[in-house]
Asks: 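My questions all concern the structure below.
Below, chain A is the first sequence line, B the second, and so on; all start at residue 1.
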Protein chains: 2
Amino acid sequence: MYAYEFIKDAIIQGKYEPGMRLAEETLAKELNLSRTPVREAIKQLEAEGLLVPLKRGVSVRHFTKDDIRQIYDLRTLLEGYGASQAAINRTDDDLKRMETANQLYEKAITQYIESDMDSIKEIVDVNQEFHNSIVAASKNAHIFFHISKVVVVPVVFRSFYWYNHFQLQQSLEVHKIILQAIKNKEPERARIAMHEHIFQGRDHVLRHLEEIKNSHLLKEEDS
Amino acid sequence: MYAYEFIKDAIIQGKYEPGMRLAEETLAKELNLSRTPVREAIKQLEAEGLLVPLKRGVSVRHFTKDDIRQIYDLRTLLEGYGASQAAINRTDDDLKRMETANQLYEKAITQYIESDMDSIKEIVDVNQEFHNSIVAASKNAHIFFHISKVVVVPVVFRSFYWYNHFQLQQSLEVHKIILQAIKNKEPERARIAMHEHIFQGRDHVLRHLEEIKNSHLLKEEDS
DNA sequence: GGTTGACTTATTGTATACAAAAGATTAAAT
DNA sequence: ATTTAATCTTTTGTATACAATAAGTCAACC
């Protein structure tokens with residue numbers, strides 16, 4: 001599915017801005033494809049909630065502050081549950097994978113602080129990897145489906161790009177607490193730590209949006 | 001989207017059995033449509049997880065017992081959260097809607113017990129309505145998306161059809177407790193009652209599957 | 001000035017055709 | 001008899017064409 005990847009990427013990269021209307025023919029031309037495969041890609045992205053149907057055609061989804069809060073609340077719920085289950089069900093191999101991911105995370109942050117700006121991309125990827133390794137250890141294969149839908153928000157907002165050194169360090173520390181709780185098989189502690197971690201992420205996004213205010217990403221009015 | 005509805009319905013009604021492979025042309029003929037709209041419907045159902053991609057074409061998803069447990073666990077988490085938030089955020093209008101739905105639920109059960117077998121369909125619908133009204137009162141619009149994905153399981157298994165009179169009465173009682181908690185604005189009590197309610201549903205499904213064993217709906221092996 | 005209605009244009013929905021790829025089948029060779 | 005290669009068949013991926021419908025335009029009318 002080339003068309004699917006392309007459009008999804010364009011949305012995440014901000015090339016297609018939230019609220020922007022997308023016509024099939026236009027997309028088809030941009031991709032050097034006919035409308036047929038483009039339409040299928042659109043249908044999928046609609047089912048995933050990244051595109052919203054209009055009377056005619058679709059537009060890129062945008063988020064109000066309420067949306068962001070609500071989606072983060074769900075993410076907290078889901079990943080918190082994932083962490084608690086991971087603390088119960090993790091194998092030693094699972095633990096090893098989490099630790100490895102978090103070591104890479106630490107390394108990427110160190111590199112970034114030593115002013116290698118390019119390593120932000122690495123930080124994002126390795127952070128994702130860490131979170132995934134926890135969910136994988138929970139042994140509930142279906143969480144992935146839901147989490148992937150709920151993680152698009154920080155991704156489309158590219159929230160990592162506005163973390164400062166201190167905030168990155170701080171998130172690393174929380175990662176370590178989560179890891180410790182899972183290692184010790186303390187589900188409640190793991191859940192609470194994960195809750196806190198994701199709420200921090202939510203507040204980070206909301207605070208930033210408050211600052212830049214006129215972000216094209218955010219819909220003007222919260223109903 | 002006629003094709004989408006048709007195929008989804010056929011899966012839920014059990015006309016297309018889990019594991020069954022579906023070819024585009026076959027579906028198109030059955031629907032008196034060309035392959036184009038059929039393909040789009042397939043792509044959507046794939047994104048929703050009701051169809052799984054094969055090397056060639058797709059097949060109807062089937063569930064292992066582990067799948068059922070895991071999906072019910074998620075549903076418990078989500079609806080439990082919904083109930084707790086409803087207890088916090090519900091308006092008087094929300095409450096009225098829940099109460100109305102549950103009165104209709106009670107009525108449908110009474111009718112059923114008085115041996116009007118057709119009212120099972122009504123029970124299913126009104127139960128759904130009751131659950132929806134709670135989620136709506138939670139004021140998190142995004143839960144709907146996730147819950148709809150997680151509710152397909154009891155639906156494809158048509159689990160309501162094997163409730164006996166006593167079990168129906170019992171579920172009505174739990175509904176009343178949930179309602180009371182939401183009315184009193186007791187989030188924790190609402191959450192716990194909802195947890196219990198859905199776990200009962202899960203156990204009901206699993207117990208029944210254990211009994212019939214050779215259900216074509218269930219994949220033989222739990223890995 | 002603003003509304004209504006006929007007409008034009010743009011955009012989507014569906015069908016069909018053909019190209020590409022995967023699977024099945026047959027025949028030859030060891 | 002089993003493996004391998006070549007060929008045929010089925011099924012999917014993409015392009016194009018046309019039909020159906022929504023949106024936009026303009027002019028006549030109140």
Asks: Look at the side-chain N and O atoms of T36(B) and state whether any lies under 4.0 Å from the OP1 or OP2 oxygen of dT14(C).
Replies: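 For dT14(C), neither OP1 nor OP2 has a side-chain N or O of T36(B) closer than 4.0 Å.
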
Asks: Quick one: does NZ or CZ of K107(A) land under 6.0 Å from the six-membered ring centre of Y105(A), within 45 degrees of the ring axis?
Replies: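 Checked: cation-pi criterion not met.
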
Asks: Please determine whether a side-chain nitrogen or oxygen atom of R39(A) lies at a distance below 4.0 Å from atom OP1 or OP2 of dT11(C).
Replies: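 The answer is no; no side-chain N or O of R39(A) sits under 4.0 Å from OP1 or OP2.
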
Asks: Please report the distance, rounded to the nearest Å, between CD in E40(B) and C1' in dT12(C).
Replies: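 Answer to the nearest Å: 10 Å.
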
Asks: Take atom NZ of K43(A) and atom C1' of dG13(C), then tell me their distance rounded to the nearest Å.
Replies: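 Spelled out: NZ on K43(A) to C1' on dG13(C) is 9 Å.
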
Asks: When you match K55(A) and P37(A) each to their closest nucleotide on DNA chain D, which lands nearer the 5' end?
Replies: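 So the residue in question is P37(A).
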
Asks: Which residue lies toward the 5' end of DNA chain D, S34(A) or R21(B), if each is placed at its nearest nucleotide?
Replies: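 First, find each residue's nearest nucleotide; the 5'-ward one identifies R21(B).
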
Asks: Would you kindly give the OH-to-P distance between Y2(B) and dA15(C), to the nearest whole Å?
Replies: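 One finds 11 Å between P of dA15(C) and OH of Y2(B), rounded.
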
Asks: Looking at F145(A), I'd like to know if the NZ or CZ of K149(A) sits under 6.0 Å from its six-membered ring centre while staying within 45 degrees of the ring's axis.
Replies: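 Checked: cation-pi criterion met.
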
Asks: Calculate the interatomic distance between E25(A) atom CD and dG13(C) atom C1'; express it in whole Å.
Replies: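 In whole Å, dG13(C) C1' lies 13 Å from E25(A) CD.
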
Asks: Quick one: E24(B) CD to dT10(D) C1', roughly how many Å, whole number?
Replies: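 The distance from CD of E24(B) to C1' of dT10(D) comes to 12 Å, rounded to the nearest Å.
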
Asks: Among N102(A), D125(A), L104(A), T100(A), whose side-chain contact (heavy atoms from CB on, under 4.5 Å) with F130(A) holds?
Replies: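 Looking at N102(A), D125(A), L104(A), T100(A), the match for F130(A) under the side-chain contact (heavy atoms from CB on, under 4.5 Å) is N102(A).
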
Asks: Using 30° and 60° as the class boundaries, would you call the ring planes of H204(A) and Y163(A) parallel, tilted or perpendicular?
Replies: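 H204(A) vs Y163(A) ring planes: parallel.
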
Asks: Going by distance alone, is a donor N or O of one side chain under 3.5 Å from an acceptor N or O of the other, for N127(A) and H175(A)?
Replies: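 H175(A) and N127(A) do have a side-chain donor-acceptor pair below 3.5 Å.
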
Asks: Take atom CD1 of I42(A) and atom C1' of dG13(C), then tell me their distance rounded to the nearest Å.
Replies: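 In whole Å, dG13(C) C1' lies 13 Å from I42(A) CD1.
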
Asks: Write down the distance between NZ (K29(A)) and P (dT14(D)), rounded to a whole number of angstrom.
Replies: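 Distance, rounded to whole Å: 19 Å.
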
Asks: Could you check N32(B) against G57(A) and say which one's nearest nucleotide on DNA chain C is further toward the 5' end?
Replies: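 Upstream on the strand: G57(A).
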
Asks: Would you kindly check whether a donor in the side chain of R56(A) faces an acceptor in the base of dT12(C), or vice versa, at under 3.5 angstrom?
Replies: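 Check fails, no donor-acceptor contact within cut-off.
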
Asks: Round to a whole Å and report the spacing from CZ of R35(B) to P of dA15(D).
Replies: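 One finds 14 Å between P of dA15(D) and CZ of R35(B), rounded.
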
